[in-house]
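These numbers were taken from a predicted model, which means no experiment stands behind them.
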Amino acid sequence: MRNKYILLVVFLSFFGLHVVAQQDSTVMKMSGQKNGTSWFSLNSVSVSVGSYTPSMNYFNTTFLPSANTSARFGGSMIYGANISFNLPVNLGARVSGSYWENKVSGETGTFNSLKVSLAAISLGAFYTYNKGFAGIKPYAGLDGGYLSVQNQYDANEKIVKKSGSDMTWTPFAGIKYDIAGKIVLGLEYGYVMGSYGQDFELNSTVSNHKISVDGQKIQFSIGYKF
């Protein structure tokens with residue numbers, strides 16, 4: 001899963017460089033050009049780091065207590081990258097990727113650990129208040145994302161890996177500050193809404209339960225503005 005995330009970041013970076021290389025010629029060809037500018041253009045490429053605390057309901061409320069462990073899933077570091085684009089009337093769009101993982105350990109000989117990894121790629125739209133204050137510009141928007149899930153369960157000297165996917169929605173708000181017109185610093189708060197289905201097998205009976213990933217995340221970012 002971590003390797004997939006690294007590949008995603010590399011892809012986003014190369015995609016941004018490709019857009020930069022094509023931007024000058026594209027601006028001249030695109031319709032809707034006015035006064036030498038385009039209605040759609042690259043804004044910035046950035047990376048981020050922060051904290052994300054998903055609910056992880058069912059794991060925290062039922063599965064882990066039944067495994068006789070006091071450990072629970074909580075907040076952990078989330079890493080991300082995004083490419084943003086300019087649209088008319090202070091609107092913007094972005095393509096983002098992120099990676100989060102957390103691991104809980106057991107307190108009995110039968111249950112050793114459970115690790116959950118979440119990787120997401122999302123498309124979003126936002127509005128920026130460009131007047132701002134002292135160069136600080138607030139913005140707000142909504143991301144729609146594809147979530148890829150990897151679980152690794154270690155118990156009874158046996159490791160079981162399962163994977164799946166689902167969709168998430170994340171309303172967000174933040175502030176950004178341009179340094180010398182090129183370096184962009186940002187602080188963003190978002191609330192992830194979504195869940196995924198997890199199969200559990202007990203006494204040869206398989207049941208499915210929803211695992212909630214609802215939770216808040218806060219991220220610091222640094223990027224390059226074009």
**Prompt:** What is the minimum heavy-atom distance between S221 and S48, and which atoms define it?
**Reply:** CB-CB, 3.8 Å

**Verdict with reasoning, W169 to L142, per side chain to side chain contact (heavy atoms under 4.5 Å, CB included)** = CA-CA 7 Å; W169 296 97; L142 177 69; 4.2 Å; yes

**Prompt:** Any side-chain heavy atom of T62 sitting closer than 4.5 Å to one from F59?
**Reply:** no

**Message:** Within the supplied structure, the quantity of interest is the number of heavy atoms (other residues, nucleotides, ligands) at a distance under 6.0 Å from Y127 OH; does it exceed 12?
**Reply:** yes

**Request:** Output the distance between atom OG (S212) and atom CE (M56), rounded to the nearest 0.5 Å.
**Result:** 9.0 Å

**Request:** Flag the pair D178 / I183 as yes when at least one side-chain heavy-atom distance between them is below 4.5 Å, and no otherwise.
**Result:** no

**Asked** Which heavy atom in V95 sits nearest to a heavy atom in F85, and how many Å separate them?
**Response** CG2-CE1, 4.4 Å

**Message:** I'd like to know whether the aromatic ring centres of F226 and Y224 sit less than 6.0 Å apart in this structure.
**Reply:** yes

**Message:** Taking I218 as the starting point, is it possible to reach I136 by hopping between hydrophobic residues whose side chains are less than 4.5 Å apart?
**Reply:** yes

**Asked** Looking at CG of L42 and NZ of K225, how far apart are the two atoms once the value is rounded to the nearest 0.5 Å?
**Response** 11.0 Å

**Prompt:** In Å, rounded to the nearest 0.5 Å, how long is the span from CG of L187 to CZ of F220?
**Reply:** 5.0 Å

**Message:** Counting C-beta onward and ignoring hydrogens, is there a side-chain heavy-atom pair between Y99 and L118 closer than 4.5 Å?
**Reply:** no

**Complete:** When rounded to the nearest 0.5 Å, the distance separating CZ of F172 from NZ of K217 is 9.0 Å

**Asked** Is the closest side-chain heavy-atom distance between D154 and F111 below 4.5 Å?
**Response** no

**Message:** Checking side-chain polar atoms at under 3.5 Å, does S84 have a donor or acceptor matched by the opposite partner on S44?
**Reply:** yes

**Request:** Quick one: pull up CG in N208 and OH in Y196 and give me the separation to the nearest 0.5 Å.
**Result:** 11.0 Å

**Message:** For a quick check under 3.5 Å, do Q150 and S117 share a side-chain donor-acceptor pair by atom type?
**Reply:** no

**Any side-chain heavy-atom pair of S195 and I211 under 4.5 Å** = no

**Asked** So among V47, I78, V49, which one has a side-chain contact (heavy atoms from CB on, under 4.5 Å) with Q219?
**Response** I78

**Prompt:** Between Y191 and Y52, does the ring centre distance come in under 6.0 Å?
**Reply:** no

**Check against side chain to side chain contact (heavy atoms under 4.5 Å, CB included), K115 and N151** = CA-CA 6 Å; K115 182 172 74 172; N151 289 351; over 6 Å; no

**Common cluster, I121/F126, ILVMFWY with side-chain heavy-atom separation under 4.5 Å** = no

**Message:** When you compare the side chain of W100 with that of S76, does any pair of heavy atoms fall below 4.5 Å?
**Reply:** yes

**Message:** Given 3.5 Å as the limit, does a donor-acceptor pair link the side chain of N102 with the main chain of G74, or not?
**Reply:** yes

**Message:** What I'd like to find out is whether the side chain of F73 reaches to under 4.5 Å of the side chain of V116, using heavy atoms alone.
**Reply:** yes

**Request:** Starting from the C-alpha separation in whole Å, work towards a yes-or-no answer on side chain to side chain contact (heavy atoms under 4.5 Å, CB included) for I159 and Q152.
**Result:** CA-CA 7 Å; I159 296 178; Q152 181 173 298; 3.7 Å; yes

**Prompt:** What is the minimum heavy-atom distance between G194 and D214, and which atoms define it?
**Reply:** N-OD1, 2.8 Å

**Message:** Looking at D143 and R94, is any side-chain nitrogen of the basic one under 4.0 Å from a carboxylate oxygen of the acidic one?
**Reply:** yes

**Request:** Find out if a path of hydrophobic residues (ILVMFWY) with successive side-chain heavy-atom gaps under 4.5 Å connects V89 to F40.
**Result:** yes

**Request:** Could you go through the side chain to side chain contact (heavy atoms under 4.5 Å, CB included) check for V213 and L147 one step at a time?
**Result:** CA-CA 10 Å; V213 295; L147 181 69; 4.2 Å; yes

**Prompt:** Once you round to the nearest 0.5 Å, how far does OG1 of T170 lie from CD of E188?
**Reply:** 9.0 Å

**Asked** With a 4.5 Å heavy-atom cut-off, do T128 and K176 have their side chains touching?
**Response** yes

**Message:** Looking only at side-chain N and O atoms, does Y58 offer a donor or acceptor that is under 3.5 Å from a partner on Q198?
**Reply:** no

**Ion pair check, K162 and D199, cut-off under 4.0 Å** = no

**Item:** N/O donor-acceptor pair under 3.5 Å between N86 side chain and L91 backbone
**Value:** no

**Message:** How close do S105 and T69 get, counting heavy atoms only, and between which atoms?
**Reply:** O-OG1, 3.1 Å

**Sidechain-backbone polar pair: D166 side chain, G197 backbone, donor-acceptor under 3.5 Å** = no

